[in-house]
Novice: 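Sharing a structure below in structure tokens format, with a few things to ask.
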Amino acid sequence: MKSKMPFLIDIFLGIVLFALSFFLKDEYYSSMLQAAGVGLVAASLVSILRMSYWESPKHREEYELRKLEAHINSVDERKQYLRMKSGHISYQLMCLVLFVLAFALALFKAPAWVIAMVFLLSVIQYLLGIAVFHWLEKRL
């Protein structure tokens, strides 16, 4: 039951969000709260059902094997390198995509604040990547 407590709290919060949506006059924000509440409840229920399925005595042995394999994969140096490499490549691609998106928005005459926001996101991502690299370099 202890492992399911965060999901039960999420279900309670989802119900509260859904109930609060009926007290809002603005339909836009009311719909947002309803969607957030339903999404939170549904995701938590699915997680609880999944946990109950794998913790049942019938599936416990297979679950333990899966956990052992996941642990082995998490400490395997090759897999760690591949995860780091994939993170690096996706970081570079996202920087490129954000810069190209800012340029494309400028070509299509989007409002200046939209272009500035996308450009600032790309600059922040670039600077954050440098800061994390230096932090990890000193730490490891």
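Computation of the quantities below employed the complete heavy-atom set of this structure, encompassing side-chain atoms and omitting hydrogens, waters and symmetry-equivalent molecules.
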Novice: Can you see which heavy atom on Met94 is nearest to which on Gln125, and at what distance?
Specialist: CB-NE2, 3.4 Å

Novice: Please give me the minimum heavy-atom distance between Gly14 and Leu40, naming the atom from each residue.
Specialist: N-CD2, 3.7 Å

Novice: Would a 4.5 Å heavy-atom cut-off, applied to side chains only, mark Ile48 and Leu8 as touching?
Specialist: yes

Novice: Taking everything shown except Phe99 itself, do over 12 heavy atoms lie less than 6.0 Å from its CZ?
Specialist: yes

Novice: Roughly how far apart are Arg83 CZ and Ser86 OG, rounded to 0.5 Å?
Specialist: 8.5 Å

Novice: Please report the shortest heavy-atom distance between Leu17 and Ala36, naming the atom on each side.
Specialist: CD1-CB, 4.2 Å

Novice: Looking only at heavy atoms, what is the nearest atom pair of Ile15 and Val41, with distance?
Specialist: N-CG2, 3.9 Å

Novice: Using a 4.5 Å cut-off on heavy atoms from C-beta on, say whether the side chain of Tyr126 contacts that of Tyr91.
Specialist: yes

Novice: Provide the closest heavy-atom pair for Ser47 versus Phe7 in the form atom of the first, atom of the second, distance.
Specialist: CB-CE2, 3.5 Å

Novice: Say whether Phe12 and Leu20 are linked into one hydrophobic cluster, either directly or through other cluster members, by side-chain heavy-atom distances under 4.5 angstrom.
Specialist: yes

Novice: Do Leu105 and Leu120 land in one hydrophobic cluster if side-chain heavy atoms of ILVMFWY residues count as linked below 4.5 Å?
Specialist: no

Novice: Can you name the closest pair of heavy atoms from Val75 and Gln80 and give their distance?
Specialist: CA-NE2, 4.0 Å

Novice: Any chance you could measure Gln34, atom CD, to Glu27, atom CD, to the nearest 0.5 Å?
Specialist: 9.0 Å

Novice: I need the Leu93 CG to Leu98 CG distance, nearest 0.5 Å.
Specialist: 11.0 Å

Novice: If you apply the rule side-chain contact (heavy atoms from CB on, under 4.5 Å), what do you find for Tyr81 with Glu77, and how did you get there?
Specialist: CA-CA 6 Å; Tyr81 172 75; Glu77 291 91 6; over 6 Å; no

Novice: Going hydrophobic residue to hydrophobic residue with side-chain gaps under 4.5 angstrom, can you get from Ile124 over to Ile130?
Specialist: no

Novice: How many angstroms lie between CD1 in Ile89 and CG in Leu82, if you round to the nearest 0.5 Å?
Specialist: 9.5 Å

Novice: Should Ser21 and Ser30 count as side-chain neighbours, where that means a heavy-atom distance under 4.5 Å?
Specialist: yes

Novice: Are Met51 and Ile11 co-members of a hydrophobic cluster defined by side-chain heavy atoms under 4.5 Å apart?
Specialist: yes

Novice: Under 4.5 Å between side-chain heavy atoms, hopping through other hydrophobics if needed: is there a path connecting Leu107 to Met117?
Specialist: no

Novice: Is there a side-chain contact between Arg50 and Trp54, using heavy atoms and a 4.5 Å cut-off?
Specialist: yes

Novice: Roughly how far, to the nearest 0.5 Å, is the CG atom of Leu49 from the NZ atom of Lys4?
Specialist: 9.0 Å

